Amino acid sequence: MSIAAYIMATFTTPEHIGVTPLSMLWLLPLVASISVVYKTTKLPKIKFVNFLKESVVLFGSIVIFMAITALVLVAFAWLITE
Amino acid sequence: MAKRSKEGHIAFMLVVGLMGWLVPGAGHLMLNEKKHAIIIFVTIALTFAMGLYIGSIGIINPIGAKPWYVAQLMNSPAVAAIGQMTRTGDYPVFGRPNEIGQIYTSIAGLLNLLCIVNAVYWAHLRQTGAEGE
C-alpha cells in the first residue's frame, strides 16, 4: 500500500473508541487547543515563556473547573437517587 | 500605517476577515503578526485534522448534521469540498468517534471564527490608531 493510500485510508475509516470513562480524556487535547488559540488572540506580543505560562494556566483553570462541575453533578445525582 | 479612506478601511477589514477564513491565520499574517499567524494555523489545522482522524471524513455531514456542518465550515471553504464528497453517505460513522470528531472539527471552526473576529478588530484598531490589543 502506498503512503498516499495509507493516509487516505486513515481519514476515511473512523477510529475505535468505546463508550468508557477513559474516552473523556479526549477532551484534554481539545482544551489545549482552545487555551493556545484563545491566548494567541489575547496577547498582543508573543514571548515564548510568557505565552506558555498563560496557556498552561488557562488549560489548568478549564480542567479544574470542569472537574469541580463534574463532582457537583455527581453529588447532585447521588443525592437525588439515594 | 497610512490612513485609508472609510471605504478603503472597510474593504481592508473585509479582506482580512476573508483571508482568515480561507486559510486559518492568514488574517493575522496580513497584519504582519507572523507568530500569531503560525500558532493559529498550526493549532487549528491540527485540531481539525485530529477530528477527521478520529471520526473520518464522514463526520462532515451537510445533510444529517447541518448545525455541526455550519461550525465546521468556519475552518475554511475547503470543508465544503469534503462535504460534497460525503454528501452521498459513503462514509458512515456512528457513536463516540462521530461525537468526538464532530466536536473537534466544530470547535476548530469556532476557534477560527474567533481568530477572524480578532484579526478584523486589530485591523480596525490599527487603522483608527487606537492603542491596546
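Here the structure is a predicted model, which means the values were calculated and not measured. Chain letters run A, B, ... following the sequence lines, proteins first, then strands; residues in each count from 1.
At distances below 3.5 Å, at least one donor-acceptor pair connects side-chain atoms of B/His36 with backbone N or O atoms of A/Leu43.
Surrounding CZ of B/Phe41 are at most 12 heavy atoms belonging to other residues, nucleotides or ligands under 6.0 Å away.
If you measure heavy-atom distances from B/Glu99 to chain A, you find no contacts under 4.5 Å at all. Contacts of B/Ile39 with chain A are made by side-chain atoms alone, with heavy-atom separations under 4.5 Å and no backbone atom involved. Using a 4.5 Å cut-off between heavy atoms, A/Thr20 touches chain B through its backbone atoms (N, CA, C, O) alone. A/Thr13 touches chain B through its backbone: at least one of N, CA, C or O sits under 4.5 Å from a heavy atom, while the side chain does not. Contact of B/Tyr104 with chain A is made through backbone and side chain together, with heavy-atom distances under 4.5 Å.
Note on A/Pro14, A/Ala32, A/Pro29: by heavy-atom pairs under 4.5 Å with chain B, the leading option is A/Pro14. Residue with the most contacts toward chain A among B/Leu111, B/Asn98, B/Ile44, B/Ile107: B/Leu111 (heavy-atom pairs, distance under 4.5 Å). Heavy-atom pairs under 4.5 Å with chain B peak, among A/Tyr38, A/Phe11, A/Phe51, at A/Phe11. If you tally non-hydrogen atom pairs under 4.5 Å between each of B/Arg96, B/Lys35, B/Glu33, B/Met50 and chain A, the highest count goes to B/Arg96. Contact count against chain A (heavy-atom pairs under 4.5 Å) is highest for B/Ile100 among B/Ile100, B/Ile40, B/Val93.
Residues B/Val117 and B/Met19 do not share a hydrophobic cluster, clusters being chains of Ile/Leu/Val/Met/Phe/Trp/Tyr side chains in contact below 4.5 Å. Transitive grouping of hydrophobic side chains (ILVMFWY, heavy atoms separated by less than 4.5 Å) brings A/Met66 and A/Leu22 into a common cluster. Hydrophobic cluster membership is shared by B/Tyr91 and B/Ile82, with clusters built from Ile, Leu, Val, Met, Phe, Trp and Tyr side chains linked at under 4.5 angstrom. Hydrophobic clustering keeps B/Leu22 apart from B/Leu29 (ILVMFWY residues linked when any side-chain heavy atoms are closer than 4.5 Å, directly or through intermediates). Under the 4.5 Å side-chain heavy-atom criterion for grouping Ile, Leu, Val, Met, Phe, Trp and Tyr, A/Ile46 is not connected to A/Val49 through any hydrophobic cluster.
Within the 4.5 Å cutoff, the side chain of B/Ile103 has no heavy atoms near those of the A/Trp26 side chain. Using a 4.5 Å cut-off on side-chain heavy atoms (C-beta onward), B/Cys115 and A/Val37 make contact.
Between the CD1 atom in B/Ile54 and the OG1 atom in A/Thr10 there is a gap of 13.0 Å [rounded to 0.5 Å].
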